[in-house]
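This report concerns only the one structure given below.
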Number of protein chains: 2
Amino acid sequence: MTRQRRVILEELKKAGSHPTADEVYRRVQKRIPNISMGTVYRNLEALSEHGIICRLQMSEGPMRFDASMEKHYHVRCSKCGRVGDVPASLVNNFESKVRAECEWQITGHRLEFIGICPRCQSKK
Amino acid sequence: MTRQRRVILEELKKAGSHPTADEVYRRVQKRIPNISMGTVYRNLEALSEHGIICRLQMSEGPMRFDASMEKHYHVRCSKCGRVGDVPASLVNNFESKVRAECEWQITGHRLEFIGICPRCQSKK
DNA sequence: TGGCTTATTAGTAATGATAACTATTACTAA
DNA sequence: TTAGTAATAGTTATCATTACTAATAAGCCA
């Protein structure tokens with residue numbers, strides 16, 4: 001656990017929402033001015049491989065990262081791209097019939113909601 | 001509807017599965033040898049904007065395209081990357097509770113199953 | 001503590017998918 | 001046939017991400 005890795009994790013936690021690698025980079029840069037983008041990517045990768053953070057591949061835009069490991073889904077705002085959380089408890093099981101009737105062996109799924117965030121709703 | 005666009009659409013339909021832009025390009029190239037990659041992208045884009053084809057942003061790998069417009073979901077093989085279809089009828093409604101309880105205005109979702117395709121299952 | 005081994009870094013260059021640009025060509029309607 | 005528009009081929013640019021490399025820092029044992 002190097003200083004760089006520690007600061008990257010701290011800033012990701014502070015960010016709260018779901019920053020991209022670049023947003024993490026810009027935050028960390030304020031504390032370690034000569035940090036390199038490669039270091040940010042490498043550490044976000046390492047942290048997610050150790051199950052400490054989560055990498056979110058959304059259907060649009062670059063990869064995002066999430067320090068929260070609780071089970072939840074994500075909503076992406078189609079106006080501004082912001083990403084929010086949807087507790088898994090709001091989503092009923094929908095996989096069982098697919099598992100039963102599909103000749104593929106289903107191992108998981110990726111679900112992302114599309115919507116308009118509160119901020120963009122009030123803008124209009 | 002230019003010759004290029006027509007051939008792109010024909011080859012996409014013939015391809016059956018879910019080719020990437022590059023695969024479409026290679027197929028079309030056999031009939032129009034000097035076609036440009038840009039033309040392929042532009043036309044796949046145009047066709048999908050007109051609702052004639054469907055562009056699939058999978059969570060891994062490049063964009064894929066689908067000539068079938070029936071409502072269905074996709075499974076991606078985690079071994080080989082192949083993409084298959086899952087009829088929408090196998091998936092129960094799971095969105096209503098989210099719509100009701102989330103302060104975002106939900107407009108849709110993107111769902112992708114992960115699994116192992118029949119071919120990779122038998123390989124092992 | 002000091003030296004040794006290995007991992008990690010900063011910096012830069014490379015990659016791969018996609019989009020933008022530009023001069024040229026094809027299509028269309030008058 | 002011609003002006004106007006749209007689409008093309010070819011090329012270059014962009015953006016996110018990964019790979020490479022020499023220098024630096026961690027961790028560990030004597």
Side-chain angles (χ1 to χ4, degrees), chain A residues 1-12 15 17-50 52-66 74 76 80-83 110 112, chain B residues 1-12 15 17-50 52-66 74 76 80-83 110 112:
Chain A
M1 181 63 86
T2 61
R3 187 166 83 94
Q4 285 84 343
R5 181 167 302 178
R6 189 162 22 79
V7 172
I8 286 168
L9 182 55
E10 282 170 15
E11 289 301 323
L12 179 59
S17 77
H18 306 82
T20 61
D22 191 64
E23 282 158 17
V24 174
Y25 173 64
R26 287 206 299 277
R27 282 171 158 273
V28 172
Q29 219 175 14
K30 288 179 188 156
R31 294 173 57 185
I32 309 176
N34 69 334
I35 194 158
S36 146
M37 196 69 208
T39 301
V40 173
Y41 271 104
R42 217 176 323 101
N43 282 303
L44 288 172
E45 169 75 18
L47 287 166
S48 78
E49 280 195 350
H50 286 79
I52 296 164
I53 67 170
C54 208
R55 49 158 45 201
L56 319 173
Q57 171 72 281
M58 309 303 287
S59 60
E60 299 271 314
M63 197 81 72
R64 288 170 177 276
F65 297 88
D66 190 348
H74 293 100
R76 177 172 52 81
C80 69
R82 201 190 322 279
V83 173
R110 292 183 17 84
E112 165 193 342
Chain B
M1 181 62 87
T2 61
R3 186 165 84 96
Q4 285 83 346
R5 183 167 300 178
R6 190 164 19 80
V7 171
I8 285 167
L9 183 54
E10 283 169 16
E11 290 301 325
L12 179 59
S17 76
H18 307 81
T20 61
D22 191 63
E23 282 157 18
V24 174
Y25 173 63
R26 286 205 300 275
R27 281 169 159 275
V28 172
Q29 220 176 13
K30 288 179 187 155
R31 293 173 57 185
I32 309 177
N34 69 334
I35 195 159
S36 147
M37 194 69 208
T39 301
V40 173
Y41 270 105
R42 219 176 321 100
N43 281 304
L44 288 172
E45 169 74 17
L47 287 166
S48 78
E49 280 195 351
H50 287 81
I52 297 165
I53 67 170
C54 208
R55 49 157 46 200
L56 320 173
Q57 170 71 282
M58 309 302 288
S59 60
E60 299 271 313
M63 199 81 70
R64 289 169 177 275
F65 297 88
D66 190 348
H74 294 100
R76 177 171 53 80
C80 70
R82 201 189 322 280
V83 173
R110 291 183 19 82
E112 166 194 342

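Quick note on labels: first sequence line is chain A, next is B, and so on, each numbered from 1.
Applying the salt bridge (Lys or Arg N to Asp or Glu O under 4.0 Å) test to every pair with at least one member in residues 29-45 of chain A, sequence neighbours left out, gives these pairs: Glu10(A)-Arg31(A), Glu11(A)-Arg31(A), Glu45(A)-Arg55(A).
One finds the OG atom of Ser36(A) at 9.0 Å from the CG atom of Asn34(A) (value rounded to the nearest 0.5 Å). Of the inter-residue distances, the one linking Asp66(A) atom CG with Ser48(A) atom OG reads 11.5 Å to the nearest 0.5 angstrom.
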Decide side chain to side chain contact (heavy atoms under 4.5 Å, CB included) for Arg64(B) and Met58(B); before the verdict, give the C-alpha distance in whole Å, the side-chain angles of both, and the deciding distance to 0.1 Å.
-> CA-CA 7 Å; Arg64(B) 289 169 177 275; Met58(B) 309 302 288; 4.0 Å; yes
Kindly list each side-chain donor-acceptor pair under 3.5 angstrom involving residues 1-9 of chain A, sequence neighbours excluded, with atom names and distances?
from	atom 1	to	atom 2	distance (Å)
Thr2(A)	OG1	Arg5(A)	N	3.2
Arg5(A)	NE	Asn43(A)	OD1	2.6
Arg5(A)	NH2	Asn43(A)	OD1	3.0

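OP1 and OP2 of dT18(D) both lie 4.0 Å or more from every side-chain N or O belonging to Tyr41(A). Proximity of Thr39(B) to the phosphate of dT8(D): no side-chain N or O atom is located under 4.0 Å from OP1 or OP2.
Every ring pair (Phe, Tyr, Trp, His ring centres under 6.0 Å) that His18(B) has, sequence neighbours left out, goes to His74(B). Here Ser59(A) pairs with Arg76(A), Glu112(A), Arg110(B) under the side chain to side chain donor-acceptor pair (under 3.5 Å) rule; sequence neighbours left out. Under the rule for a side chain to side chain donor-acceptor pair (under 3.5 Å), the partners of Gln29(A) that lie at least two apart in sequence or sit in another chain are Tyr25(A). The side chain to side chain donor-acceptor pair (under 3.5 Å) search around Arg82(A) returns none, not counting sequence neighbours.
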Reading nucleotides 19-27 of chain D 5' to 3', which nucleotides get B (base under 4.0 Å from a protein heavy atom), which S (sugar-phosphate only), which -?
-> ---------
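Residue Val40(B) comes nearest to Ala21(B) through the heavy atom pair CG1-O, 3.8 Å, listed as atom of the first residue, atom of the second, then distance. For the pair Ile53(B) and Phe65(B), the tightest heavy-atom approach, listed with the atom from each and the gap, is CD1-CD2, 4.0 Å.
Counting heavy atoms from C-beta outward, Pro19(B) and Leu12(B) have side chains that approach closer than 4.5 Å.
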5'-to-3' dot-bracket of DNA chain C (Watson-Crick, G-U; under 3.5 angstrom; crossing pairs as [ ]; | other strand) = ||||||||||||||||||||||||||||||
Report, one pair per line, the protein and nucleotides 3-6 of chain D atoms (nitrogen or oxygen only) whose separation is under 3.5 Å.
none

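The stretch residues 18-35 of chain B has no heavy atom under 4.0 angstrom from DNA chain C at all.
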